[in-house]
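This report refers to the structure that appears directly beneath it.
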Amino acid sequence: MSEKRVYLFGNGKAEGNATMRERLGGKGANLAEMNLIGVPVPPGFTITTDCCNEYYEVGQEKIISLLNDEVMAAVKNIETLMNSKFGDAQNPLLVSVRSGARASMPGMMDTILNLGLNDEVAEGMTKKTGNPHFVYDSYRRFVQMYGDVVLEMKPVNKEDRDPFEEIIEKVKERRGITLDKDMSVEELKDLVRLFKEAIKERTGKDFPDDPIEQLWGAVCAVFRSWMNERAILYRKMEGIPDEWGTAVSVMAMVFGNMGETSATGVCFSRDAGNGENLFNGEYLVNAQGEDVVAGIRTPQQITKIGSQRWAERAGVSEEERVANYPSMEETMPEIYKELDELQNKLEQHYHDMQDMEFTVQEGKLWFLQTRNGKRTGTAMVKIAIDLLHEGMIDEKTAIMRCEPQKLDELLHPVFDKKALMNAKVITQGLPASPGAACGQIVFHADDAKAWHEDGRKVVMVRVETSPEDLAGMAAAEGILTARGGMTSHAAVVARGMGKCCVSGAGGINVDYKSKTVEIDGVVYKEGEYISLNGSTGQVYAGEVPTKAAELSGDFKELMDLCNKYTKLLVRTNADTPHDARVAREFGAQGIGLTRTEHMFFEDKKIIAMREMILSENVEGREKALAKLLPYQKADFKGILEAMDGLPVNIRLLDPPLHEFVPHDNAGQEIMAKEMGVDITTIKHRVDSLAENNPMLGHRGCRLGITFPEITAMQTRAILGAACELKKEGKNPMPEIMVPLIGTYHELKQQKDIIYATAKQVFAEYGIEVEYEVGTMIEIPRAALTADLIAKEAQYFSFGTNDLTQMTFGYSRDDIASFLPVYLDKKILKVDPFQVLDQEGVGRLIKYAVKEGRDARPGLRCGICGEHGGEPSSVKFCAKIGMDYASCSPFRVPIARLAAAQAAIEE
């Protein structure tokens, strides 16, 4: 016997069940399950997801041949259960054909209703029901839907209207009516005729009258819809693999458009927006399902309390509400009672909030679908915790129910949804750092800072950002850049600050000289308002109101549960005491990365830094570094104090020196004035710092080796700050990290300087502080020689931004020029700078952890690149036995949840 491709359900029996999502899709599996638990479902059958993949492999003709016998037998089963016959004029059976992938993809694929109608069947249904308006309303809906979905009667141009809607409007205009339901029987018949003529004119083919031909056309159209543009985009957004395919469920039609005792609707067992335990939804009398979601008619609320809340928001009086917008609870109390009991039964059965579709046909309730409902981040957390308290799920299930990335919605400012409806999108970039921001355009860091100090909210617009822009970024509500990817400077720093950022918006043309930015032919000047959505990458004209996210007690309870089960600790990447405090409030258990270079860009610090760079000998550099020492010590003291009792991993100076000097004439003239030297000297020194590839040049430990006085000064500042705190009764726990190590000897040389300096510092303060010296593994050679490096390092911190860059040979700032093509052609499944490449980069990390621990048992290992806040990457770190992951403050809860889930999965 050949492989089973079709599974039957109906009359309380089913060949499938809820565990068969991979084969039957979510819809098919749940239709089978509802049959098994006694929920009224129209009989039908489901064609498996494997057949969708077969369709693309063997083509339409072959798949029909493979399915024919099973499908025809399944149709006969529906006929028996419904006591009617498909295609029969005297006792007709109509069916719906619906999509259903294993992961919920609401509205992304196609559905066809009322299938099986032709002129003869319509006449037979009219005699049988005595309701010609219902019959021809169904007929015109079928021809329109079949024409759209199967025959692809789409508008020729985006500007054109739907051809069927144009015909409908002309028919309604003749009589001056506005609603489809008010058309007469003759007008509905006229629509059927006009629709068929339009199909013939557009496609050159007659509308198929044979119900069997209609059925195969619809089934194959649903398979095709798996690869439509919106479905592909949705899968990319949700991380759903293309190879999953969609199942097809064929069901006997039940009709919500048979008069005032019929209805259709969508409902939720809990509020999908805020998680409130309140049954809610919308319905329409004398309608079919498409009417509820199409927005042509205003749906009414299912519950009385929902109706009252709607009326209050809409400014409708109670008297008007009762007269014109009554709830189903008030108008169909018996149906409502049954619906309420069944929705509760379904939630109790699935142990999760349910999203359901139903139809009432002449007083009888039918369920057409149930699925675990989509929900906001706030609702996700509340529902999980409430279900835990209600005893419906256990602690581990509550943790696993929450999607780590959706916690972003709880942590960042958000736009008011009503305001977004009228907002104008002017360009699209990368959603580099989530949240919402609105402010006046500024182009320079000093302007951003000055405007902010004047009490104005600003959005900083740059071609790209550099560390020198830090003060402006800190002052801005959000950052928009023309260049850069998800791990560009703007993106990384913005996430660390919890700032909204849209990067890589290639459609913008920034002109610093005129202080304007051109977007899609429109010029926006400094001071004009724009708004950024860092969660979608969209940029809006003008002011779109934002509101702060509200953290509930449920959020804290979820985080406490995570602590109970996790094995992997979560630290934060923080460069300021403020960042450290924010991260600690979110539950960070230390700092995994403090970037010392970000501390050098304030006015007095940058002058001293530039003096050091201009110096031509050790004495000059040491003199300049002595000026920097108190600033550095104060910075480190603030961070160590904010993380009192928790480890703080401080990276020594990493970027090339050219980043600390201006490259434009105006900036160099200012620097010359500040330094008290002529402009020629400045130009000569800046030119001497130029490198063909500075990211692979004189940076990281190479700076400390050529200028050991830099390493000595930073060590003195770190340990001096720690000594002062210890004398004050605090418990500082500094870790000193040497960056960009490629060889054992580099680390040893730097470690010797650190140890010698530490001895001097402790003698000066008359007190000692425990500290550790480790290194950042970010060069492939370091990973491959981890056994040698571990002899000198007390810990490894994997810098996956650079490790990814060097392993792939991709520049993370330039990848946007080819990444979309790579993703489109499936050369890469995801951006490796966003999601850790476990196959390649991950293999290096896994090897380095093992080799390092073999050489030094108990070697502590962590990750501090941007991947430290990405859930699948965090789970990988947990799986290979890392001790901690470190991420930006606003990603700490995401990493904590992912780490707990990893422990539970193990």
Side-chain angles (χ1 to χ4, degrees), residues 157-159 230 233 237 295 376 408-409 412-452 454-465 469 472-486 488 490-491 493-495 497-549 816 820:
N157 301 306
K158 290 182 179 180
E159 296 77 18
R230 64 180 184 273
L233 178 59
M237 292 170 55
T376 66
D408 260 343
E409 298 173 27
H412 293 272
V414 294
F415 283 123
D416 185 290
K417 289 184 179 179
K418 292 181 180 177
L420 272 183
M421 294 173 66
N422 298 316
K424 179 185 178 184
V425 177
I426 56 176
T427 193
Q428 175 81 44
L430 296 172
S433 184
C438 175
Q440 294 174 275
I441 297 171
V442 294
F443 296 93
H444 301 287
D446 52 354
D447 291 333
K449 186 177 179 182
W451 287 36
H452 175 72
D454 286 342
R456 290 188 276 183
K457 293 184 177 181
V458 300
V459 170
M460 193 161 73
V461 179
R462 302 285 296 166
V463 174
E464 58 191 355
T465 65
D469 295 318
M473 295 173 73
E477 303 299 307
I479 301 99
L480 171 63
T481 69
R483 297 180 194 157
M486 296 290 286
S488 63
V493 176
R495 283 195 290 271
M497 295 177 169
K499 296 282 183 180
C500 169
C501 177
V502 174
S503 65
I508 73 174
N509 184 18
V510 179
D511 187 335
Y512 292 134
K513 187 174 182 181
S514 64
K515 292 190 175 182
T516 61
V517 55
E518 182 182 357
I519 304 176
D520 197 21
V522 178
V523 175
Y524 296 84
K525 299 177 181 178
E526 182 179 64
E528 292 190 53
Y529 280 90
I530 58 171
S531 300
L532 311 180
N533 190 333
S535 301
T536 66
Q538 290 179 313
V539 181
Y540 303 92
E543 298 179 78
V544 179
T546 63
K547 59 180 182 180

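What you see is a predicted model, and the numbers here were worked out from it, not measured in a lab. Just so you know, these numbers use all the heavy atoms, side chains as well, and skip hydrogens, waters and symmetry mates. FYI, the numbering just counts along the sequence from 1.
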From [X] atom [atom1] to [Y] atom [atom2], the distance as rounded to the nearest 0.5 Å:
X      : Y      : atom1 : atom2 : result
Gln440 : Glu528 : CD    : CD    : 10.0 Å
Lys499 : Glu477 : NZ    : CD    : 6.0 Å
Asp520 : Ile426 : CG    : CD1   : 9.0 Å
Tyr529 : Glu543 : OH    : CD    : 4.5 Å
Leu532 : Gln538 : CG    : CD    : 11.0 Å
Asp454 : Asp447 : CG    : CG    : 10.5 Å

Measure the shortest side-chain to side-chain distance between [X] and [Y] over non-hydrogen atoms and say whether it is less than 4.5 angstrom.
X      : Y      : value
Val459 : Ile441 : no
Cys501 : Ile479 : yes
Ile519 : Ile530 : no

Measure across [X] and [Y] and return the closest heavy-atom pair with its distance rounded to 0.1 Å.
X      : Y      : value
Lys449 : Ala475 : CA-CB, 3.8 Å
Gly534 : Cys500 : N-SG, 3.3 Å
Tyr524 : Ala541 : OH-CB, 4.3 Å
Gly537 : Val502 : O-CG1, 3.5 Å
Ala419 : Pro545 : CB-CD, 3.6 Å

Check your understanding: Parallel, tilted or perpendicular for Tyr512 and His444, by the 30°/60° rule?
Key -> tilted

Study note, to complete from the structure: By side chain to side chain donor-acceptor pair (under 3.5 Å), Thr516 pairs with (sequence neighbours left out) Ser514

Practice item. Could you tell me which residues satisfy ring pair (Phe, Tyr, Trp, His ring centres under 6.0 Å) with Tyr540, sequence neighbours excluded, listed by chain and number? Key: Phe415

Review point. Short question: side chain of Ser503, backbone of Gly429 - any donor-acceptor pair under 3.5 Å?
Key: no

Exercise for review: Mark yes or no for whether Arg462, through its side chain, and Phe443, through its backbone, hold a donor-acceptor pair below 3.5 Å.
Suggested key: yes

